[in-house]
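Quick caveat: nothing in here was measured; it's all calculated off a predicted structure. Order of appearance sets the numbers: ligands from 1, and atoms from 1 within every ligand.
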Amino acid sequence: MQRLLLNSVPQRPEWPDPAALDEVRRCLAASLPIVLPRESDLLRRRLAAVAEGRALLLQGGDCAEPLHTSLDDIESRLDTLTRMASLLSGSVLLPVVVVGRMAGQFAKPRSSAYEVRDAVTLPSYRGDSVNGPDFTPESRTADPYRMLRAHQASAATMNLVRALVDGRSTTTAAQVPEEMFVSHEALLLDYEIPLTRVDPGTGRTYAGTGHLLWAGERTRDPDGTHIAFLAGVDNPVAVKVGPTAEPDELLALVERLDPHRQPGRLTFVVRMGAGTVREQLPLLVEKVTASGARVGWVCDPMHGNTYTSPTGHKTRAFDAILDEIRGFFEVHQALGTHPGGIHLEMTGQDVTECVGGSAGIGHDDLPLRYESACDPRLNREQSLDLARHVAGIAARR
Ligand code: PEP
Ligand code: CO
């Protein structure tokens, strides 16, 4: 891959010790990848079916994965995703491609580089591969050795995902998908680049950290380094599309990321907010479709619907999430294009981070089990509720 200069890349952590960073990068470059090129190729073929209207994508997992997770956490998330996928495929009669936001989702973009609490200013939490969530100078200092721990945690998680998928006929309790892929935001290029490899069989270049990588809302500049990185790998890639995106920006992203117009290569993950999607999305889909691009369109109904509750927690309302999905489906129905699926922050655990749903979680319940280090996730029941609603919406088309 071409050499990318990282000095002034947006969202890059301030690494205090350049020698330690170099050592970690060398160590990552000598480490095993988490996934193989042929698996990423297989996901590209699955996503081609999504782009062409023959399948749906269900992508879900943590906002910020913790370095320390439990088998139960992984198993219950797979179980929840599997049940959601069968609700969707049962009503839409299309295969559902299951992709976890897991085994690599350790780096977070932040709107501000610093956080102020009680007149104390510290660097913002940037995900467990960079620093810790505790509000202390030690925890918030970027530590490159955390990238080695993130690599190890990704490998351990992927190992369990593979074991659960392989043993699915013999597991009793948890449901597991027949086929499972993993994805994360390609934000931390100090981590991604050393784990990017040329496949000796084909001479093509692949990110080894996950099957599908995406660029976030804050790093999707078509001329920026994150997009240049994604342009240089052969994995399927995605880009988040927020309410300020212009048609020309999306056309430039298609040019950069999918010059050969290969279905499955590029997915746009729309995250506009329930109040915006019906107005903003149609022109984007029209222009991209008219350009001859063959991208997948997926709805992230989480990131445009975040607010702070009276308890001070970042939260999202189930009804707003559902309404954005409804709007997304309406837009595609009106244009005759394919609403390709949903991208969610969710867990199989019984947390209280988003409000609403059939259990009626309210603002006062948020402190009970708020475990996310970053954005609020749908809990198991809310995730299954949502899948039932989406199955109904999709089936009516
Ligand atoms: C995320 O997916 O956690 C995220 C930060 O999203 P976005 O880039 O869309 O804001
Ligand atoms: Co998030």
Suppose I only count heavy atoms of Gly216 and a 4.0 Å limit; which atoms of ligand 1 are within that range? 8 (O)
Is the contact between Met302 and ligand 1 made by the side chain, the backbone, both, or neither, using heavy atoms and a 4.0 Å cut-off? neither
So which protein heavy atom does atom 4 (C) of ligand 1 come closest to, and at what separation? His303 NE2, 3.4 Å
Kindly identify the option in Arg110, Gln59, Arg101, Lys240 whose heavy atom sits closest to atom 7 (P) of ligand 1. Lys240
Check: Glu353 main-chain N/O paired with Thr315 side-chain donor or acceptor under 3.5 Å: yes
Of all the non-hydrogen atoms in the protein, which one sits nearest to atom 3 (O) of ligand 1, and at what distance? Lys108 NZ, 2.7 Å
Contact atoms of ligand 1, heavy-atom distance to Cys63 under 4.0 Å: 3 (O)
Would the distance check show the side chain of Asp258 and the main-chain N or O of Gln262 forming a donor-acceptor pair, the cut-off being under 3.5 Å? yes
Identify the two heavy atoms, one from Val161 and one from Ile74, that lie closest to each other, and give their separation to 0.1 Å. CG2-CG2, 4.2 Å
Examine the proximity of ligand 1 to Pro109 and report which part, side chain or backbone, both or neither, has a heavy atom under 4.0 Å away. side chain
Ignoring hydrogens, what is the shortest heavy-atom contact between Ser91 and Ala391? Give both atom names and the distance. OG-O, 2.9 Å
Any nitrogen or oxygen of His343, main chain or side chain, under 3.5 Å from a nitrogen or oxygen of ligand 1? no
Could you tell me whether a side-chain N or O of Ser76 sits under 3.5 Å from a main-chain N or O of Asp73, the two making a donor and an acceptor? yes
Please find the N/O/S atom of Asp375 nearest to the Co ion (ligand 2) and write down its name. OD2
So, do Tyr307 and His363 have ring centers that fall under 6.0 Å from each other? yes
Would you say His303 reaches the Co ion (ligand 2) with an N/O/S atom under 2.8 Å? yes
Salt bridge between Asp375 and Arg316, side-chain N to carboxylate O under 4.0 Å? yes
Identified side-chain hydrogen bond (donor to acceptor under 3.5 Å, both in side chains) counterpart of Asp62 within the set Gln105, Arg77, Arg101, His184: Arg77
Atom 9 (O) of ligand 1 has as its nearest protein heavy atom Arg271 NE, 2.7 Å
Could you tell me whether ligand 1 has any atom less than 4.0 Å away from a heavy atom of Glu345? yes
Is it the case that one hydrophobic cluster holds both Val35 and Val233, taking links as side-chain heavy atoms less than 4.5 Å apart, direct or via other members? yes
The protein heavy atom nearest to atom 8 (O) of ligand 1 is Glu217 N, 2.8 Å
Mark yes when over 12 heavy atoms from residues, nucleotides or ligands other than Arg38 sit less than 6.0 Å from its CZ; otherwise mark no. no
Please check whether Trp214 reaches ligand 1 - meaning an N/O of the residue sits under 3.5 Å from an N/O of the ligand, judged on distance alone. no
N, O or S atom within Glu345 nearest to the Co ion (ligand 2), by name: OE2
